Trainee: 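Quick one: this structure, given as structure tokens, is what I'll be asking you about.
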Protein chains: 2
Amino acid sequence: MHSGSKDDLTTKARIRQAAVDCFAREGFSVSVRAISEHAGVSPGLIIHHFGSKARLRGECDAHVRRFIAGIKTETVEGFSGTSMLQQLAEVEQYASVLGYVVRSLQSGGALAADLFELTVEDVERFLAVGEEAGTIAPSRAPAARARYLTSSSLGSLMLHTTLHHPGHTPDFRRVVQEWIAEYMFPALESYTEPVFTDRTLLDTCTPREGGTGDTGGGAGAGTG
Amino acid sequence: MHSGSKDDLTTKARIRQAAVDCFAREGFSVSVRAISEHAGVSPGLIIHHFGSKARLRGECDAHVRRFIAGIKTETVEGFSGTSMLQQLAEVEQYASVLGYVVRSLQSGGALAADLFELTVEDVERFLAVGEEAGTIAPSRAPAARARYLTSSSLGSLMLHTTLHHPGHTPDFRRVVQEWIAEYMFPALESYTEPVFTDRTLLDTCTPREGGTGDTGGGAGAGTG
DNA sequence: CAGCAAGCTGAACACGCGTTTAGCGTATTG
DNA sequence: CAATACGCTAAACGCGTGTTCAGCTTGCTG
């Protein structure tokens, strides 16, 4: 037994890679048989190595999680979520990982929530750095702002993917490029020249804690 | 034979309504048997009336499409997408339709693209009205801005749904309430007090065109 | 009333799915 | 060399799916 993570040429690692590719391209409902065909093995071998499709998914999640954590520590700290996505999109090898992330965000689950929280933290740190440098305006609720910006950005990317690339998506680098090309300017404009000229709307919304004070589910949007 | 579309108490209409409910709550992968159980009929009857599950889905799409069009003409013109969603969320009967819309946006397809374009038009009109009234600042690319605002809003709502309510979602009104409670203030703030204090980023991005201008892969930057 | 069409059902069919199982080939090992 | 263990495959199993089919009611119609 070669115990997986040492060789990258192990059959088990090859299966995992094929699974990440297939999950990214076709979504998590892709069949075990399709993955096995992509990996050049029999369907039974996948179960033999991973126990079940769910556990295979779990190991893929962990792999992607480690992969992204590796990228983050590799590069300089203080990266925005979008920049990370761009970086992911540029390198060919990263394409499947990026696709996997988007699929994960589309389907929910533990990895999705994990990555979202991770990105929120990054964005918050990035904004704080910018604020100190003077390029980013301070906010009355920095944590909530970082959360909102992350949610709208990732959500927009998700929506763009589902709308313009239904079914299996062959090339996620192109998707991200399209997305940037379409939304970069209006986003930059909206966050540089304020959309609302009237402050009434903002002042109406009580700025005490970041929420509207509704008792609804404790989203905990306030201070992080 | 009651000839379908006249009575709303027709079995066929009841099946359609049950299908909309199930699709909204459990997603489009819900089984025909589950729908039939919810409607109090046999699975075969669904096929007998609609031919196939795909055609049932098609009729549900059309029904929701008509429903939303009805709401829009019913209310005053010039509604933002968010307001429409809010309105949808408030009335109990609309809950399943709202859920259906979100599911549709999650899965892609013709209805999703249709509704998205429809909302973009609404938002653009809404912004134009506000601009004329002086509450909304003019944009160098109004169409692109409306598109961006729509995409980020709907995308954020989608992401919130998938992250915080995986699997079947019983009450979409609450989801929207949570979403508003969490993101209303930071969104308002970000669009009233500019996030970027430096105009350099915006000026770097060439503002040449109004539509979906491809500004190409510009330099990476902040999350909006 | 007889007959026929339509609403409707319960059982069955064909298929794809994840998973199991029996067995093959091969390499390490006592 | 014989034995054991492991990587691996082909075939099959059980299940859930969308769909079909034969037949039962029911109500309109000539």
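Note that these values count all heavy atoms, side chains included, but never hydrogens, waters or copies made by symmetry. Numbers restart at 1 for each chain; the letters A, B, ... are given by sequence-line order, proteins then strands. Please read these numbers as outputs of a predicted model, since none were measured by experiment.
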Trainee: Under the side-chain hydrogen bond (donor to acceptor under 3.5 Å, both in side chains) rule, collect the residues that match up with A/His160, sequence neighbours excluded.
Mentor: A/Glu178
Trainee: By the salt bridge (Lys or Arg N to Asp or Glu O under 4.0 Å) test, which pairs, at least two apart or in different chains, include something from residues 151-172 of chain A?
Mentor: A/Asp171-A/Arg173
Trainee: Check side-chain hydrogen bond (donor to acceptor under 3.5 Å, both in side chains) between A/His49 and all other residues, then give those that pass, not counting sequence neighbours.
Mentor: none
Trainee: Could you pull out all residues at least two apart from B/Tyr191 that satisfy ring pair (Phe, Tyr, Trp, His ring centres under 6.0 Å)?
Mentor: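 Once residues adjacent in sequence are excluded, the partners of B/Tyr191 under the ring pair (Phe, Tyr, Trp, His ring centres under 6.0 Å) criterion are A/Tyr191.
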Trainee: Counting only heavy atoms and a strict 4.0 angstrom limit, can you tell me which residues of residues 44-56 of chain B come near DNA chain D?
Mentor: B/Gly44, B/Ile47, B/Ser52, B/Lys53
Trainee: Contacts to DNA chain C from residues 32-42 of chain A, heavy-atom cutoff under 4.0 Å, which residues?
Mentor: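 Going residue by residue through residues 32-42 of chain A, the ones with a heavy atom under 4.0 Å of DNA chain C turn out to be A/Val32, A/Arg33.
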Trainee: Mind checking salt bridge (charged side-chain N to carboxylate O under 4.0 Å, His left out) for A/Glu121 and listing every partner two or more places apart, or none if nothing turns up?
Mentor: none
Trainee: How many Å lie between NZ on A/Lys12 and C1' on D/dC8, as a whole number?
Mentor: 15 Å
Trainee: Evaluate the ring planes of A/Tyr183 and A/Trp179, with Trp represented by its six-membered ring, and classify them as parallel (under 30°), tilted (30 to 60°) or perpendicular (over 60°).
Mentor: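 Taking A/Trp179 first and then A/Tyr183, their aromatic rings stand perpendicular (interplane angle over 60°).
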Trainee: Would you mind reading off the distance between A/Arg14 atom CZ and D/dG7 atom C1', rounded to a whole angstrom?
Mentor: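 Spelled out: CZ on A/Arg14 to C1' on D/dG7 is 11 Å.
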Trainee: A/Phe116: what forms a ring pair (Phe, Tyr, Trp, His ring centres under 6.0 Å) with it, not counting sequence neighbours?
Mentor: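 Ring pair (Phe, Tyr, Trp, His ring centres under 6.0 Å) list for A/Phe116, sorted by chain: empty.
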Trainee: Taking only N and O in the side chain of A/Thr11, is any of them less than 4.0 Å away from OP1 or OP2 of D/dC8?
Mentor: yes
Trainee: Only pairs at least two apart or in different chains count here, so list each salt bridge (Lys or Arg N to Asp or Glu O under 4.0 Å) that has a residue in residues 60-69 of chain A.
Mentor: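 As it turns out, the salt bridge (Lys or Arg N to Asp or Glu O under 4.0 Å) pairs with a partner in residues 60-69 of chain A, which skip direct neighbours, are A/Arg57-A/Asp61, A/Arg65-A/Asp114.
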